[in-house]
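Both counts, for ligands and for their atoms, begin at 1 and track the order of listing. Counting from 1, the numbers follow the sequence of the chain as shown.
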Amino acid sequence: MASHGSLLHHSPPPLSIPTKYFHPKHILSIKPLKPTTTFSSFFPCSLTITQRGSCSPLIACSSSNGRSSNELVDDDGVKSVEQLLEEKQRAELSARIASGEFTVNQQSGLPSILKKSLSKVGVPNEILEFLFGLYPKIPEAKGSIKAIRSEAFFIPLYELYITYGGIFRLNFGPKSFLIVSDPAIAKHILKDNAKAYSKGILAEILDFVMGKGLIPADGEIWRVRRRAIVPALHLKFVAAMIGLFGQATDRLCKKLDAAASDGEDVEMESLFSRLTLDVIGKAVFNYDFDSLSNDTGIIEAVYTVLREAEDRSVSPIPVWDIPIWKDISPRQRKVTAALKLVNDTLNNLIAICKRMVDEEELQFHEEYMNEQDPSILHFLLASGDDVSSKQLRDDLMTMLIAGHETSAAVLTWTFYLLSKEPSVVSKLQEEVDSVLGDRFPTIEDMKKLKYTTRVINESLRLYPQPPVLIRRSLENDVLGEYPIKRGEDIFISVWNLHRSPTLWEGADKFEPERWPLDGPNPNETNQNFKYLPFGGGPRKCIGDMFASYETIVALAMLVRRFNFQMAIGAPPVVMTTGATIHTTQGLNMTVTHRIKPPIVPSLQMSTLEADPSMSISDKEETGQKGQVYQAQS
Ligand code: HEM
């Protein structure tokens, strides 16, 4: 499942990434901003093209940790046929892009004809260059997208960015999109001139599930709802949520205990999806899905709705808009029934919460929180928020989706990255042992788990959720040196920004150490919009602190108790896209109970020594603790 991103949240996450417009049937074209660095010289080793089925190439992240393609060689130094095919395809694609096959001639079109005509009648070249150079045209691309690739659409966008630069236009049949991968232009759109941009196609895709919820909403509705909802995520609420994160992760630990004892492999992506569903249900409307233990109708319904939102974001034709289709398509009937069940459940929870608020004695204040029900819904109702039930339902649904798949995807890709870097896992375990020992994490621990936080920061850099942010211009504007018109659909590729070889050293390497332990927590402001894990400007994520702590707690509690490895014989981990970045076949891992090493090598200690909050007695205590780590229950 996916979600926050593309469809979901981020709008592309819901973000929904209207990947529907990237269907292979559509036509794509491009033209170089700065011709042209060879594509192959920058192609990230972390992305390899693999064959899926007979003809549909995919990007695999099997070497997404900065390893070179030499590592596709097996132990005997022999490359498999699949690997050779991948390399050949990649080289061919590089050569085609470099040859200008996808490039629209900048001299084409009316301006070029006019320029030629004026030249013929004797207008000097200097004057022509002056006249026509005044209005630079955004580089454009053309060709068949099928020629480039058919899945995980943000990957071809990376290749095109490397070739064509920080802003270019893609034409898909009658549709046209601007692809932005330049930090200054991203900052202009998201922050400096944010009022001139809406969520555009994202709102259209998400309408059936989020209505006018905070992610798709624009204008006055967005302003009013944002002002009402943001205060609900105050510090006291987030602190209370740390306990919830710990309890939910502990349930997951118990499930993994059984797998570790039985020697069974586990599919971690779906377990993370369940973990974060349990967390967000309780946090947003005080509902315990308990999806780690149960598979009740409501859980199935939530997944049906989420899956539909994802699928709509990648569907070439909006069949669901055909009125009769809803009634005759079994799939659409299932979606309608699931949506009704989820909506009825939410309406019921709203009614129950209203009764609780009516009966309670508590006075509403800035950091108001009901101890029995600290949920966001309770806060909103207690605040006297003057809102219709439909709007409230849209907001709850939006937060359910926004807060669910994003966090699950972050954990999935973090564990994938860690499986390639045992030295990072050792440092992580060392820190968690020192700071937490065997107890549940508290809000005070969050600032002490510095290396754990850096691992999440770095995971969010390499796998941003969602990988693309969507906007539409509401008025004429200027992006960089290019004037644009009202009505332009724009994709800001966070993936490109986060992996740009010109913005980052070792861009495709997983290196939590790139973020100094004693430096500020990296965000869009201190990284000047080259790092946008939670967006930026007025539409920045409202759940950033919540989500950061949720993933830190889950990561810390899991690595202190278990070791995780890629399961032997598991299918390769291949990316696909919905709202967020998913795997095509899950993250299959072998989990074993962790046996604490008797001696901690001094080299692995060095980073931790930079943490002034860690006392020597903490380390000594850790050194003496027992063999098998069990979290408190
Ligand atoms: C690691 C987890 C998360 C990530 C990576 C993430 C990322 C993002 C990003 C990038 C945006 C900006 C979208 C855009 O500009 O188009 C966003 C917006 C949003 N996020 Fe999150 N998010 C996460 C968790 C959450 C959680 C837990 C919640 C709710 C409690 C949440 C609620 C929202 C909402 C409501 C918005 C829309 C804000 C607005 O438009 O005013 N997110 N998120």
Side-chain angles (χ1 to χ4, degrees), residues 3-17 186 189-191 194 197-203 206 210 212-219 221-230 232-233 237-238 241 244-245 272 276-277 279-285 375-377 379 394-414 456-457 459-461 463-472 490-492 494-495 497-498 523-524 531-552 554-555 579-581:
S3 67
H4 190 43
S6 325
L7 333 182
L8 309 188
H9 189 18
H10 317 308
S11 340
L15 174 12
S16 342
I17 292 169
I189 297 170
L190 295 176
K191 182 164 180 251
Y197 294 87
S198 73
K199 289 291 183 91
I201 45 185
L202 181 65
L206 296 179
M210 291 189 192
K212 297 274 178 279
L214 202 52
I215 284 176
D218 282 311
I221 296 185
W222 169 76
R223 241 182 310 281
V224 170
R225 295 315 298 152
R226 175 128 186 157
R227 213 176 294 139
I229 294 171
V230 166
L233 287 102
F237 164 80
V238 175
M241 289 299 106
L244 168 65
F245 304 152
F272 286 139
T276 58
L277 179 63
V279 165
I280 202 74
K282 201 77 184 128
V284 173
F285 36 75
S375 70
I376 293 175
L377 170 61
F379 178 97
D394 286 351
D395 289 330
L396 297 182
M397 186 66 119
T398 299
M399 281 185 277
L400 171 70
I401 296 175
H404 170 221
E405 289 294 342
T406 39
S407 300
V410 173
L411 287 170
T412 299
W413 292 107
T414 301
I456 296 291
N457 297 145
S459 168
L460 271 164
R461 185 183 68 81
Y463 294 94
Q465 315 291 347
V468 171
L469 303 178
I470 296 169
R471 292 294 188 273
R472 180 176 291 157
I490 300 169
F491 291 176
I492 299 169
V494 185
W495 176 276
L497 285 165
H498 285 193
N523 59 34
E524 76 286 1
Y531 181 65
L532 298 172
F534 295 103
R539 307 291 309 239
K540 183 175 175 176
C541 181
I542 62 168
D544 55 347
M545 197 193 288
F546 179 104
S548 298
Y549 290 169
E550 176 187 17
T551 48
I552 289 167
L555 174 59
T580 52
I581 307 172

J.: Number the atoms of ligand 1 from 1 as they appear, then name those within less than 4.0 Å of a heavy atom of Ala402, with their elements.
T.: 24 (C), 25 (C), 31 (C), 32 (C), 33 (C), 42 (N)
J.: By number and element, which atoms of ligand 1 are closer than 4.0 Å to a non-hydrogen atom of Ile215?
T.: 34 (C), 36 (C), 37 (C)
J.: Side chain or backbone, does Thr551 bring an N or O within less than 3.5 Å of an N or O on ligand 1?
T.: no
J.: Below the 3.5 angstrom mark, is there an N/O of Arg226, backbone or side chain, next to an N/O of ligand 1?
T.: yes
J.: Please could you name the atoms of ligand 1 that Trp222 approaches to less than 4.0 Å, counting only its heavy atoms?
T.: 39 (C), 40 (O), 41 (O)
J.: Would you please name every residue forming a salt bridge (charged side-chain N to carboxylate O under 4.0 Å, His left out) with Arg223, sequence neighbours left out?
T.: Glu220
J.: Which ligand 1 atoms does Pro533 reach within 4.0 Å, using its non-hydrogen atoms?
T.: 5 (C), 7 (C), 10 (C)
J.: Just jot down the ligand 1 atoms closer than 4.0 angstrom to any heavy atom of Phe546, in number order.
T.: 27 (C)
J.: Using a 4.0 Å heavy-atom cut-off, say whether Leu469 meets ligand 1 through its side chain, its backbone, both or neither.
T.: side chain
J.: Show me which atoms of ligand 1 lie under 4.0 Å from any heavy atom of Arg471.
T.: 14 (C), 15 (O), 16 (O)
J.: Examine distances only and state if a side-chain atom of His498 and a backbone atom of Pro464 form a donor-acceptor pair shorter than 3.5 Å.
T.: no
J.: Only heavy atoms of Lys199, strictly under 4.0 Å: list the atoms of ligand 1 that pass.
T.: 14 (C), 16 (O), 40 (O)
J.: Mark yes or no for whether Tyr463, through its side chain, and Thr412, through its backbone, hold a donor-acceptor pair below 3.5 Å.
T.: no
J.: Among Val468, Ile470, Leu190, find the residue that satisfies the side chain to side chain contact (heavy atoms under 4.5 Å, CB included) test when tested with Ile492.
T.: Leu190
J.: In terms of side-chain heavy atoms, does Thr276 have a donor or acceptor partner in Ser407 at a distance below 3.5 Å?
T.: no
J.: Find all atoms of ligand 1 within a distance of less than 4.0 Å from any non-hydrogen atom belonging to Val410, and give their numbers and elements.
T.: 1 (C)
J.: Does Lys212, at its NZ atom, have more than 12 non-hydrogen atoms belonging to other residues, nucleotides or ligands within less than 6.0 Å?
T.: no
J.: Between Ala547 and ligand 1, find which residue part has any heavy-atom pair under 4.0 Å and reply side chain, backbone, both or neither.
T.: side chain
J.: Among residues at least two apart in sequence or on other chains, which ones pass salt bridge (charged side-chain N to carboxylate O under 4.0 Å, His left out) with Arg539?
T.: Asp218
J.: Would you confirm whether Gln465, through its side chain, and Ile581, through its main-chain N or O, come within 3.5 Å as a donor-acceptor pair?
T.: yes
